[in-house]
Amino acid sequence: SSGEDEPDEVLCLQAPMPDTQYPLMLKAIIKQGLRLLLLTTLLGLFGCSAPDENREQRLEEARDLALEGQNDTALARLEELAADYPNDTEILHAIGRIHLSEEDATTAAFFLEQAHQQKPQDVELLYQTYQALVAADQPSEQMLEKLARLSPDTMTDELWIRLGDHRADNNQTESALQAYLKGADLKNRRPDPGTAATIGQLFKRLDNNAQAKRWFEAAADRDDPNAMTALFGLLEIQLKEKHWTEAEATIERLDKQFPGA
């Protein structure tokens, strides 16, 4: 070599990190990640809360306008809201209610049906939709069937009778009887003659002549055109059972109440 003393090459290696430092670093990374996640969540919540508050305020203003009788202005506000929040149940419901108050049942039924589709288990909304469909003279039987299924306790006697009429028109004999019997209580009050005569016919169709005669008698004992139907139903059963004396008495009743029948 050159004769000069050259320093030996020294390979400097970094000492390995003690094992105890790895968990500390991991904890620091996790902690920083959690802080970032929390910050992101808070920013997201803040960003969402502002539009929600704006929606609530605008919806409340529209409702107040409707209460004041300013329906046109209220509808304009609600239609703007509906454009920003499509398929919003409360907005659709509010629009439908205003149209119903304006006696525009057809438009009201449309919006209430849209609202009901978004919240199908809401019984009150379901009933309001049914009422609007009836007022608009549109098919409402499906809504009535659903109301009877979801909340039978809310069904009035009149609604049970309507449901019975619908089922009877569709030849659903047994289910029609179930509905009629819930709406017509023969023990506690005199039923409508038409309903009683229909129930009698349904029992006769099921060959339950004892019940059929009971309901026919309830309908026949009234000064009503349905009494004639009931008396003919009684007569048919009596002739079939060969109860001649009872049949003759029924014929006399027919002659007296409905001469020439």
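- With respect to the salt-bridge test (charged N to carboxylate O, under 4.0 angstrom), the residues Glu241 and Lys213 qualify.
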Show every donor-acceptor pair shorter than 3.5 Å between a side-chain atom in residues 68-83 and any protein atom, with sequence neighbours excluded, or say none if there are none.
residue : atom : partner : partner atom : Å
Glu68   : OE1  : Gln70   : NE2          : 2.9
Asn71   : ND2  : Glu102  : OE2          : 2.4

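- Interatomic distance, OG1 of Thr195 versus OH of Tyr180, reported as 6.5 Å (0.5 Å rounding).
- The environment of CD in Gln142 is sparse: at most 12 heavy-atom neighbours from other residues, nucleotides or ligands sit within 6.0 Å.
- For Asp104 and Thr107, the side-chain atoms include at least one donor-acceptor pair closer than 3.5 Å.
- Residues Glu145 and Arg167 are paired through a salt bridge, judged by an N-O separation under 4.0 Å between the basic side chain and the carboxylate.
- In the hydrophobic clustering of this structure, Leu100 does not group with Ile98; members are Ile, Leu, Val, Met, Phe, Trp, Tyr whose side-chain heavy atoms approach within less than 4.5 Å, directly or through other members.
- Met143 and Phe110 fall into different hydrophobic clusters, where Ile, Leu, Val, Met, Phe, Trp and Tyr side chains are chained together by heavy-atom contacts under 4.5 Å.
- Tyr85 and Phe111 fall within the same hydrophobic cluster, where Ile, Leu, Val, Met, Phe, Trp and Tyr residues are linked whenever their side-chain heavy atoms come under 4.5 Å apart, directly or through other members.
- Under the 4.5 Å side-chain heavy-atom criterion for grouping Ile, Leu, Val, Met, Phe, Trp and Tyr, Tyr130 is connected to Leu126 within one hydrophobic cluster.
- For Asp137, the CG atom sits in a loose shell: 12 or fewer heavy atoms of surrounding residues, nucleotides or ligands are nearer than 6.0 Å.
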Inset, instruction - I would like to know whether Leu163 and Leu159 meet side-chain contact (heavy atoms from CB on, under 4.5 Å); could you show each step before the answer? - result: CA-CA 6 Å; Leu163 185 59; Leu159 291 179; over 6 Å; no
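- Arg253 and Glu217 are joined by a salt bridge, as a carboxylate oxygen and a charged side-chain nitrogen come within less than 4.0 angstrom of each other.
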Inset, instruction - Dump the intermediate steps for side-chain contact (heavy atoms from CB on, under 4.5 Å) on Leu239 and Trp244, then the final yes or no. - result: CA-CA 7 Å; Leu239 293 174; Trp244 311 122; 3.9 Å; yes
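- You'll find the side chain of Lys204 reaches within 4.5 Å of the side chain of Phe216, heavy atoms only.
- One side chain, Gln128 or His93, offers a donor N or O that lies under 3.5 Å from an acceptor on the other.
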Inset, instruction - Decide yes or no on side-chain contact (heavy atoms from CB on, under 4.5 Å) for Leu92 and Leu112, but give the supporting numbers first. - result: CA-CA 7 Å; Leu92 293 169; Leu112 290 172; over 6 Å; no
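- With respect to Glu90, the salt bridge (charged side-chain N to carboxylate O under 4.0 Å, His left out) criterion is satisfied by exactly one of Arg97, Arg58, Arg55: Arg55.
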Inset, instruction - Kindly indicate, with the supporting measurements, whether the criterion salt bridge (charged side-chain N to carboxylate O under 4.0 Å, His left out) is fulfilled by Lys146 and Glu141. - result: CA-CA 9 Å; Lys146 188 173 182 179; Glu141 294 81 7; over 6 Å; no
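- For the salt bridge (charged side-chain N to carboxylate O under 4.0 Å, His left out) test, no residue two or more places apart in sequence or in another chain qualifies with Asp165.
- Residue pairs meeting the salt bridge (charged side-chain N to carboxylate O under 4.0 Å, His left out) criterion with at least one member in residues 150-163, sequence neighbours excluded: Asp157-Arg189, Glu158-Arg162.
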Inset, instruction - Show your reasoning for whether side-chain contact (heavy atoms from CB on, under 4.5 Å) applies to Leu144 and Met155. - result: CA-CA 9 Å; Leu144 189 56; Met155 294 281 288; 3.9 Å; yes
